[in-house]
Amino acid sequence: MTNPFREDLVSRSRPEPCTVVIFGATGDLTHRKLVPAIYNLAIDGELPPGVKIVGFARREKSDEEFRQGLEELNRKVSRSGHDDAIWAKFQESISYHQSEFTDADGYKRLAERLDAIDRDRGGKGNRLFYVASAPEFFDDILTQLKGAGLNKAKDGCWARVIVEKPFGTDLATAQHLNQVVNRTFHEKDTYRIDHYLGKETAQNIMVLRFANAIFEPLWNSRYISHVQVTCAENLGMEGGRGGYYDKSGALRDMVQNHLLQLLSLITMEPPTDLSADGVRDEKVKVIRSLRQWDTPEKVAKNVVRAQYTAGHVDGQPRPGYREEDRVDPESMTESYVAVRLLIDTWRWSGVPFYIRMGKQLPKKATEISIHFKDAPCVLFNALPGGVPGSNVLVLRIQPDEGISLRMVSKIPGTSLRLEPVKMDFHYSTSFGKGSPEAYERLLLDAMAGDATLFARRDEVEEAWKFIDNIEHAWHQSTTPPPMAEYVAGSWGPKEADELLQQDGNVWRRL
Ligand SMILES: NC(=O)C1=CN([C@@H]2O[C@H](COP(=O)(O)OP(=O)(O)OC[C@H]3O[C@@H](n4cnc5c(N)ncnc54)[C@H](OP(=O)(O)O)[C@@H]3O)[C@@H](O)[C@H]2O)C=CC1
Ligand SMILES: O=C1O[C@H](COP(=O)(O)O)[C@@H](O)[C@H](O)[C@H]1O
């Protein structure tokens, strides 16, 4: 007998033809990520036939000028290179729509333009609206879409919206935005993007945990000593990012979304099925179970914030954070954060989780390491040096995506000496090809109506509750925990090392 649920999964995962309307289409995200992602899907034969792209932005541009700008960037960043012949065909699907985000007439004209595109398709058309603007415009864009009747699907087709990050700047703004989104689009048609969920290794976390019998029995406080999530970046405020970043900081920019999402995949209970809500129901439970750091004392004990001072990264001199373009010279925004978290569930009781994220660190790398407890080493304790370390399972999210397991082995020879060794799996060598960009997978999922890799309303709000407590202690308490410093090009402040020392742990060297 066929399983109706499986059939649903199979049919749901088929992306459908649509028109993608990008709000903020002359911006960096569209040029560096979104259009190259769609181009690469086309090259790989993954894009459904008849997909059209309409770029919506303020400045005057002809279709031709818009396409030229996109082509220029695609040449530089496309994962599989740029092919003139393929681009020539691909660009025919791209057009430009000039309008202010707040201009109702611009949306009326957009509706007419989309109807015309649909007429060429035989009268019907799905629409995927991608809100890739600065967050202060999210509200206007969604409201104007509704005003023009574009939020409603017609004739058995669908109208979906992808909303970029940051999804709010705190719980109150996220709740407001959720209200606006849900006033205009149905929750099932809303896709809150978190591009980390589209990364290959992030998707593999569930497979690793639930498709391999050997890991799940060990995946709990009985066997795991602690878990580290590191996201290191070797860039600072290049590309004029200082203005945005100085209002955000590492905690809100990366931890609230990407890193808590990774943590929830690592720690959630097995979902009962692979449906979007099945998975998201389990992820949100973890975020809801985070112990709250809700006083300045708890924040001081469990969170470290820091700013970089001038130094060198990759041999190049870098300014201090407060000297960066568009950053307040007296800024109290953190470019580095390390958080110690506890998850109050049966499975994770007493296991510390550490998340660290920093700009201007020595290299770009994101990884999750699961540190297992020591084996009872009565047999080898008497050896010089004892047993060198415990088992560590490392999930490399980027670069060089893969998984490694650190084990202890006997050094070949006549005497008994032990040394750690590594079993290492690399995606590129095992599967013979690189991973698609996160945006490729996520755009395809939205075209297929699969929201599993997008954040749900309650997940976003629960994450903000945890973050708001820390932000409150930093910026509104009378006894704010201090701002530490680290030299650009170093691995962060000494206070972050002390955070782990309180549990007898050390950061893994990347
Ligand atoms: N860039 C990235 O790598 C990432 C970006 N994001 C998010 O994506 C979003 C967009 O970022 P990014 O592309 O870098 O931003 P940019 O500043 O590069 O682009 C902003 C876009 O918005 C348009 N715009 C601004 N004001 C108006 C207006 N009043 N009416 C119509 N159009 C307007 C601009 O059009 P015009 O040029 O015509 O003025 C431009 O197309 C942000 O929310 C950001 O946080 C998320 C992850 C990564
Ligand atoms: O969302 C963001 O992500 C980038 C890092 O993304 P990655 O895919 O290159 O790891 C980060 O630099 C940026 O500050 C943040 O807004």
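Counting starts at 1 for both ligands and their atoms, following the listed order. This is a predicted model, so every value here is computed, not measured.
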- Item | Spacing of OG1 belonging to Thr230 relative to CD belonging to Gln228, to within rounding of 0.5 Å | 6.0 Å

- Note on the structure: Output for pair (Leu177 CG, Thr173 OG1), nearest 0.5 Å, gives 7.5 Å

Go ahead and list the nitrogen or oxygen contacts between ligand 1 and the protein that come in under 3.5 Å, distances to 0.1 Å, or just say none.
{"from": "ligand 1", "atom 1": "1 (N)", "to": "Asp28", "atom 2": "OD2", "distance (Å)": "2.8"}
{"from": "ligand 1", "atom 1": "3 (O)", "to": "Arg32", "atom 2": "NH2", "distance (Å)": "3.0"}
{"from": "ligand 1", "atom 1": "13 (O)", "to": "Asp28", "atom 2": "N", "distance (Å)": "3.1"}
{"from": "ligand 1", "atom 1": "13 (O)", "to": "Leu29", "atom 2": "N", "distance (Å)": "2.8"}
{"from": "ligand 1", "atom 1": "18 (O)", "to": "Asp28", "atom 2": "N", "distance (Å)": "2.9"}
{"from": "ligand 1", "atom 1": "26 (N)", "to": "Arg58", "atom 2": "NH2", "distance (Å)": "3.3"}
{"from": "ligand 1", "atom 1": "29 (N)", "to": "Glu100", "atom 2": "OE1", "distance (Å)": "2.9"}
{"from": "ligand 1", "atom 1": "30 (N)", "to": "Phe101", "atom 2": "N", "distance (Å)": "2.9"}
{"from": "ligand 1", "atom 1": "32 (N)", "to": "Arg58", "atom 2": "N", "distance (Å)": "3.4"}
{"from": "ligand 1", "atom 1": "35 (O)", "to": "Thr26", "atom 2": "OG1", "distance (Å)": "3.0"}
{"from": "ligand 1", "atom 1": "37 (O)", "to": "Thr26", "atom 2": "OG1", "distance (Å)": "2.5"}
{"from": "ligand 1", "atom 1": "37 (O)", "to": "Arg59", "atom 2": "NE", "distance (Å)": "2.9"}
{"from": "ligand 1", "atom 1": "37 (O)", "to": "Arg59", "atom 2": "NH2", "distance (Å)": "2.6"}
{"from": "ligand 1", "atom 1": "38 (O)", "to": "Thr26", "atom 2": "OG1", "distance (Å)": "3.3"}
{"from": "ligand 1", "atom 1": "38 (O)", "to": "Arg58", "atom 2": "N", "distance (Å)": "3.1"}
{"from": "ligand 1", "atom 1": "38 (O)", "to": "Arg59", "atom 2": "N", "distance (Å)": "2.7"}
{"from": "ligand 1", "atom 1": "38 (O)", "to": "Arg59", "atom 2": "NE", "distance (Å)": "3.4"}
{"from": "ligand 1", "atom 1": "39 (O)", "to": "Arg58", "atom 2": "NE", "distance (Å)": "3.0"}
{"from": "ligand 1", "atom 1": "39 (O)", "to": "Arg58", "atom 2": "NH2", "distance (Å)": "2.9"}
{"from": "ligand 1", "atom 1": "41 (O)", "to": "Gly24", "atom 2": "O", "distance (Å)": "3.2"}
{"from": "ligand 1", "atom 1": "41 (O)", "to": "Thr26", "atom 2": "N", "distance (Å)": "3.0"}
{"from": "ligand 1", "atom 1": "41 (O)", "to": "Thr26", "atom 2": "OG1", "distance (Å)": "2.6"}
{"from": "ligand 1", "atom 1": "41 (O)", "to": "Gly27", "atom 2": "N", "distance (Å)": "3.2"}
{"from": "ligand 1", "atom 1": "43 (O)", "to": "Ser133", "atom 2": "O", "distance (Å)": "2.7"}
{"from": "ligand 1", "atom 1": "43 (O)", "to": "Lys165", "atom 2": "O", "distance (Å)": "2.9"}
{"from": "ligand 1", "atom 1": "45 (O)", "to": "Lys165", "atom 2": "O", "distance (Å)": "3.0"}

- Would you call Arg127 and Asp115 a salt bridge, using N to O less than 4.0 angstrom? yes

- Pair Arg457 + Glu461, salt bridge at N-O below 4.0 Å: yes

- Task: Identify, chain by chain and in numerical order, each protein residue with a heavy atom under 4.0 Å from an atom of ligand 2.
- Result: Lys165, His195, Tyr196, Lys199, Glu233, Arg241, Asp253, Met254, His258, Lys359, Lys364, Gln398

- Query: So, do Phe23 and Phe137 have ring centers that fall under 6.0 Å from each other?
  - Reply: no

- Side chains of His97 and Ser95: is there a donor and an acceptor less than 3.5 Å apart? no

- Task: Quick one: closest heavy-atom pair of Gln360 and Val313, and the distance?
- Result: OE1-CG2, 3.5 Å

- Would you call the rings of His82 and Tyr39 parallel, tilted or perpendicular, where under 30° means parallel and over 60° means perpendicular? parallel

- Message: Between Val20 and Met447, is there a side-chain heavy-atom distance shorter than 4.5 Å?
- Response: yes

